[in-house]
Amino acid sequence: MSPAASVKVSLAAGQLWPYYGCMRATRAVIHLENLRFNLRQLREHLARTSPAPAMCVAVKANAYGHGSAEVARVALEEGATHLGVATVAEGAELRAAGIEAPVLLYGLAADEELADLVGARLSPFLADADYARAVASAAQRVGRTVGVHLKIDTGMGRIGCRPQDAVAVAQAVADLPQLSLDGVATHFPVADAADESPTLDQYARFEESVAAIRAAGIAPGTVHAANSGAIIGSPFTWADMVRPGISVYGYYPSDEQTRTLALKPVMEFQSRISFVKQVDAGATISYGMTYRAKRTTRIATIPVGYADGYNRLLSGRAEVLVRDSAAGRSYRAPIAGRVCMDQFMIDLGPDSRARREDEVVLFGPDPAGPNAEEICELLGTIPYEVTCWISRRVPRVYA
Ligand SMILES: *Cc1c(COP(=O)(O)O)cnc(C)c1O
């Protein structure tokens, strides 16, 4: 079955493909049924507390490479109430796609972004009175009020005020008529680790700060802290709202946590063989001639390279899943030699019947093939980076 026949093709807005004139064999198929499955798993898990916390789904970085507007729509249908982005442009993109839900801005904006931040009705994190005043004056110029979330640094060391300064910053927000305090938040650096004690300590400090804000007569709004790691491993952190990211896309944040939730990878990075040849023993393959055939074998060329987000460090290390149409079965084949910018080769073995246009899977949900976790382990990184790498040149296809 040709993949074009098996999936309903629709492409994300703003992609490069019209300029290339056509679809490509190489694509990232986004399995929306797996996305829904993961969101439902999370909702069921969160329903263990009553009331269950609300869900703010991270769609930053083009939804970890999956397509932000498409993921946002499904997330909202499956019960998410908020969306999270890292930059003002990412938030504006959601608004341009017609998405009306509250959008939290997890990063801090530069001065020249503040008018657009207000214009796109984003809800920024803030951590000090200076930035609060900058946002408030942009709000005044645009003629709107802005809902903000006070970020308290309990150990991440990225953005956030010190716990002992939380009341003062909350007071500064309360004193600015253009701002309303919609929430108070923190973020965990090791919630995905086996040892829960740093997260327990952080959450205790966070709760104290929230209590102090209340004691000062300021309503904290929505209280939230948990990322995927804390959602999975530390239910005491759930509060009013949780902020899942990687788990929505079907991966655990680390390999240290017990796999209590069944998650399904959403992205399938696939291509089709563009060329097959037989080579003799001793033939070398790709730049640097690092691969030398030990016997007569069949070598296939795959039209994917590091410019598509398939890391060059996978050269000679990774395997792909070959869907051999003539043989009617799938099997793995190793990368032969170096990954080039736009292509790489695999060694099919001497008896393979795989031919041009047969599908290959670089990573995805098929248990027979690699997933992003297998790829990230080969590279010493995390699954987040593997799906984020998939570049704009790769059409996203929603199935
Ligand atoms: C990205 C992000 C999240 C989601 O984290 P995951 O580990 O992907 O679940 C939550 N909160 C903040 C502030 C983030 O930047």
Side-chain angles (χ1 to χ4, degrees), residues 53-61 81-88 90-91 102-111 113-114 117-118 120-136 138-139 145-176 178-191 198-199 201-216 218-231 234 237-245:
M55 229 171 24
C56 177
V57 170
V59 295
K60 62 194 182 190
T81 52
H82 295 61
L83 302 165
V85 297
T87 68
V88 171
E90 288 174 353
V103 175
L104 266 62
L105 180 61
Y106 291 164
L108 299 177
D111 282 347
E113 296 176 291
L114 292 176
L117 180 161
V118 178
R121 289 168 285 113
L122 307 184
S123 308
F125 275 165
L126 59 74
D128 62 34
D130 254 12
Y131 184 73
R133 281 190 288 271
V135 174
T145 60
V146 174
V148 301
H149 291 241
L150 170 59
K151 187 83 179 291
I152 302 171
D153 182 8
T154 55
M156 176 69 186
R158 192 167 62 180
I159 60 176
C161 65
R162 296 186 307 172
Q164 60 267 41
D165 298 332
V167 172
V169 183
Q171 190 62 59
V173 170
D175 292 343
L176 289 161
Q178 299 86 5
L179 304 187
S180 68
L181 187 64
D182 283 359
V184 176
T186 193
H187 191 59
F188 301 121
V190 288
T199 304
D201 288 351
Q202 276 189 273
Y203 195 69
R205 240 169 295 143
F206 179 58
E207 275 190 311
E208 269 170 39
S209 305
V210 174
I213 291 168
R214 282 204 177 94
I218 303 167
T222 304
V223 175
H224 53 106
N227 52 7
S228 293
I231 292 168
S234 309
T237 63
W238 291 354
D240 299 331
M241 184 166 80
V242 297
R243 303 190 308 268

Got [X] and [Y] here, is their nearest side-chain heavy-atom distance under 4.5 Å?
X      : Y      : result
Ile218 : Val173 : no
Leu150 : Ile213 : yes
Tyr106 : Ile159 : no
Glu113 : Leu122 : no
Pro189 : Gln202 : yes
Cys161 : Ile152 : yes
Pro124 : Leu108 : no

Nearest 0.5 Å, please: how far is [atom2] in [Y] from [atom1] in [X]?
X      : Y      : atom1 : atom2 : result
Leu176 : Gln171 : CG    : CD    : 10.5 Å
His82  : Met55  : NE2   : CE    : 12.0 Å
Arg133 : Gln178 : CZ    : CD    : 12.0 Å

Atom of [X], atom of [Y] and distance for their closest heavy-atom approach:
X      : Y      : answer
Ala225 : Arg243 : O-NH2, 3.4 Å
Cys56  : Pro244 : O-CD, 3.2 Å
Gly245 : Ser228 : N-OG, 3.2 Å
Lys60  : Ala86  : CB-N, 3.5 Å
Asp240 : Gly221 : OD2-O, 3.7 Å
Met156 : His187 : CB-O, 3.6 Å

Out of Asp153, Thr237, Thr154, which residue meets the side chain to side chain donor-acceptor pair (under 3.5 Å) rule with Thr186?
->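 So, applying the side chain to side chain donor-acceptor pair (under 3.5 Å) to Thr186 and each of Asp153, Thr237, Thr154, only Thr154 qualifies.
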
Just checking, is any N or O donor in the side chain of His224 or His149 under 3.5 Å from an acceptor N or O on the other one?
->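 There is such a pair between these side chains.
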
Side chains of Thr199 and Ser234: is there a donor and an acceptor less than 3.5 Å apart?
->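 Not at all, the side chains of Thr199 and Ser234 share no donor-acceptor pair under 3.5 Å.
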
Take Asp182 and Thr222, measure what side chain to side chain contact (heavy atoms under 4.5 Å, CB included) needs, and give me the verdict at the end.
-> CA-CA 6 Å; Asp182 283 359; Thr222 304; 6.0 Å; no

Taking [X] for the side chain and [Y] for the main chain, is one N or O donor matched with an acceptor at less than 3.5 Å?
X      : Y      : result
Glu90  : Val59  : no
Asn227 : Ala230 : yes
Asp128 : Tyr131 : yes

